[in-house]
Amino acid sequence: LMNREFDKAKLFFESGLKEIEKSNFDKAEEEFFQSLKIIPNRPSTMYHLVNIYIFKEKFDKLTSLTNLLLKHFPNEGITKSLPAFGLFNEGKYQASVDLLTDVFNDKINDQDYLILSVFIAQVFRKLKKDSHAIKYYKKILIKEKNPNIYYNIACILSDNRKTKLAIKYFNKSLSLRPKDVSCNWNLALCLLRSQNFEEGFEFYEYRWLTKRIKKKFTNIKSLFESKEPKKKNILIWSEQGFGDNINFSRFVIDLKNQNNNNFFFAATEGLKELFQFLSNEIQVISFEEAEKISFDFQISLMSLPRYLRIKNTNNINFYKLVINEKDNLQLDKSKKNIGISFSGNPNYYLDHARSIPFKYFEPIIQKKYNFYCLQKDIRSSDLEEFSKHDIKKLGHLDFYELAQYIKNLDFIITIDTSIAHLSGILNKKTFLLLDYNPDWRWFNNFNKTIWYPSFEIIKQKKKNDWKSVIDRVKNL
C-alpha cells in the first residue's frame, strides 16, 4: 500500500515538473499540492510548491502551509522566513528584508538559499532597489542555470531601458526553455524597441499564445499562405486597442499600394467611420459585415509589418488622415484652444506608469487658454481638482467626432493613449508625455518619432518623475 501511495505521489510530482517546463505554474501547483497531500514530509515537493508561491507572489497560500512546515521542517530557513512573507503581504518591505537578512546570516541549506534569494530579490524590486535584486538573482545563477532567473533579470533590465542587455538575458532563458511564451513575447518587445523589426515582428506572433488576444477568421486562409495574390478578396482585421489600430492602419495602405487586390478592412467598433477616410481603394467594414463576405485570404492588422517585411524605420510611412470639415464646432478663437488627455484605461496593465494624476497636470491649466479634455472618463481621484477648472469635456464623442475637434484645436498635450495616435494621424501638433520606460514603439526617442511628424516627445528622465515633465511643458 505504501509503495502504491509513493508511486502515486511520484506521478503527481513528475507531472508538476513537466508543467513547470511548460511554464504552466498554476497546473504545476495543483500537481505538487496533490503529491504533498500523499507524502507531506517530502522536501523536494514542498520546495517546488513554495518556489511557485514565491514566484507568483501567492503569499496567502504560502502561509497556509505554516502548519506543515512547522511540523516537518521546523528548523529550515524557509520556515524561519514565514514572518517575512507576512510582512511582505502587509507592504512592510524593509522589515521583510531585515528579517530575511537575519535568516541568511544563519546556516541554511542550498535549497533554502535558492528559494529565499528569489524572494528577497522580489522584495528589493518592491523597494525599487533593482540593482540589489539583480545581485541576489546572480547569486542563484552561480549555483544553477535557471531559466526563471534569467527571465527575471531580463525583465528588470528591460524596465530600466537596458534593452540590449535584456535581450541577452531573455535569450539565455530561452536557451534553457525555448517555448516559454512570456519570455518569447517580452523578447519581441525588446527587439522592436531596439528597432530590430525583422526579428521583432517574427517574435511578435507569440502574442497569440499569451491568451490575451484571440485569433479570428481562422476558417479563411492566411495571407502568409499565398504566393502573389492577384485580384483576390483580402480581409485585414483589427486587433488590440484603439491606439494600436490607428497606429498600424498605415500598413493597410502599404499593403494596398503593393498589389492589385480587393481589400477589406474589418475595423473594431468605434473606428469604422474614421477609417473610411484611409483610402478610396479600401472597403472599411464591421466584423459582422465581414462574416457575410467570401474572402480568399485574411491577415490580422498587427501581423502586416511582418508580411510587408518591415526591416527598419525607413520602411515606416506616414499617411495623414484627411477627414471632412465640420463647421459648427463653436471654438473661441480669441484664445488658444488646447486639447488634453492625462489618464487612460485603468485596466491596461501598464497604465500605472503612463497615466498622470491631475494634480501634476494642473499647473498647465491657465485661464488665458481654452482647454478641452479629450479622454473618456475622469477618475474619482482626479475629479475634485479637475472640477475646479473650466475645462470642456469631449470624451463622450466617438473617434470621428473627436477627430473633428482635434483638427481644429491649436495643439494637443497627451499621454500615450489612443488620443495621441488620433492626434498623430491627423498630423496635429502634439506634445506626447511619456514615462521613463514607455511602450516599445517610442523606442528610446526623446524628441521626435518616426510614427508621427507632428509629435514632440517629452519623456521622464527619472522613474515616476512627472513634475519635471510638466515643468518642461509649462516652459514651451
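A quick note: this is a predicted structure, and the numbers were derived from the prediction, not measured. Residues: numbered from 1 along the sequence shown.
Here Lys61 pairs with Glu29 under the salt bridge (Lys or Arg N to Asp or Glu O under 4.0 Å) rule; sequence neighbours left out. The side-chain contact (heavy atoms from CB on, under 4.5 Å) test applied to Leu331 returns Leu329, Lys333, Asn337, Tyr372, Tyr405, Asn408, Leu409, not counting sequence neighbours. Remark: Glu202 engages Arg306 in a side-chain contact (heavy atoms from CB on, under 4.5 Å) (not counting sequence neighbours). A search for side chain to side chain donor-acceptor pair (under 3.5 Å) contacts involving Glu281 returns nothing, not counting sequence neighbours. Every side-chain contact (heavy atoms from CB on, under 4.5 Å) that Ala353 has, sequence neighbours left out, goes to Asp435. Partners of Ser343 according to the side-chain contact (heavy atoms from CB on, under 4.5 Å) rule, which considers only residues two or more places apart in sequence or in another chain, are Ser355, Gln375, Arg379. Listed by chain and number, the residues in a salt bridge (Lys or Arg N to Asp or Glu O under 4.0 Å) with Lys231 amount to none (sequence neighbours excluded). Partners of Lys407 by salt bridge (Lys or Arg N to Asp or Glu O under 4.0 Å), not counting sequence neighbours, listed by chain and number: Glu325.
Each salt bridge (Lys or Arg N to Asp or Glu O under 4.0 Å) pair with one or both residues in residues 236-255, not counting sequence neighbours, appears once here: Arg207-Glu239, Asp244-Arg441. Evaluation of the salt bridge (Lys or Arg N to Asp or Glu O under 4.0 Å) test over residues 288-303, restricted to residues two or more places apart or in two chains, returns Lys272-Glu289.
Checking side-chain atoms of Ser194 against main-chain N and O of Cys190 turns up a donor-acceptor pair under 3.5 Å. Asn315 places a side-chain N or O within 3.5 Å of a backbone atom of Lys311 that can act as its donor or acceptor partner. Although no hydrogens or angles enter the test, the distance criterion places no donor-acceptor pair under 3.5 Å between the side chain of Glu31 and the main chain of Gly16. Using modelled atom types, one side-chain atom of Arg472 and one backbone atom of Lys459 make a donor-acceptor pair closer than 3.5 Å. At distances below 3.5 Å, at least one donor-acceptor pair connects side-chain atoms of Asn475 with backbone N or O atoms of Asp471. Proximity of a side-chain donor or acceptor of Glu401 to a complementary backbone N or O of Asp398 within less than 3.5 Å is detected.
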List, one per line, each side-chain donor-acceptor pair under 3.5 Å for residues 128-142, sequence neighbours excluded.
unit_1: Asp130; atom_1: OD1; unit_2: Arg125; atom_2: NE; d: 3.4
unit_1: Asp130; atom_1: OD2; unit_2: Asn160; atom_2: ND2; d: 2.9
unit_1: Tyr137; atom_1: OH; unit_2: Asn152; atom_2: ND2; d: 3.4

For a quick test of your reading: what N or O donor-acceptor pairs under 3.5 Å do the side chains of residues 163-173 make, sequence neighbours left out?
unit_1: Asn171; atom_1: ND2; unit_2: Ile167; atom_2: O; d: 3.2
unit_1: Ser173; atom_1: OG; unit_2: Pro147; atom_2: O; d: 2.8

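For the residue pair Trp442 / Asp416, a side-chain donor-acceptor distance below 3.5 Å is found, with atom types taken as modelled.
Salt-bridge formation is detected for the pair Lys388/Glu385: a Lys NZ or Arg NE/NH1/NH2 atom is positioned less than 4.0 Å from an Asp or Glu carboxylate oxygen. No salt bridge links Asp332 with Lys335; every basic N to acidic carboxylate O contact stays at or beyond 4.0 Å.
Interatomic distance, CG of Leu433 versus CZ of Phe342, reported as 12.0 Å (0.5 Å rounding).
In this structure, Arg177 forms no cation-pi arrangement with Tyr151, as its terminal cationic atom is not both closer than 6.0 Å to the ring centre and no more than 45° off the ring axis.
Taking the side chain as every heavy atom from C-beta outward, Tyr400 and Phe275 never approach each other to under 4.5 Å. Contact annotation: the side chain of Cys373 approaches that of Phe386 to within less than 4.5 Å [non-hydrogen atoms, C-beta and beyond].
Under the 6.0 Å cut-off for aromatic ring centres, His421 and Tyr452 qualify, their centroids lying closer than that. Two rings, from Phe297 and Phe217, have their centers 6.0 Å or more apart.
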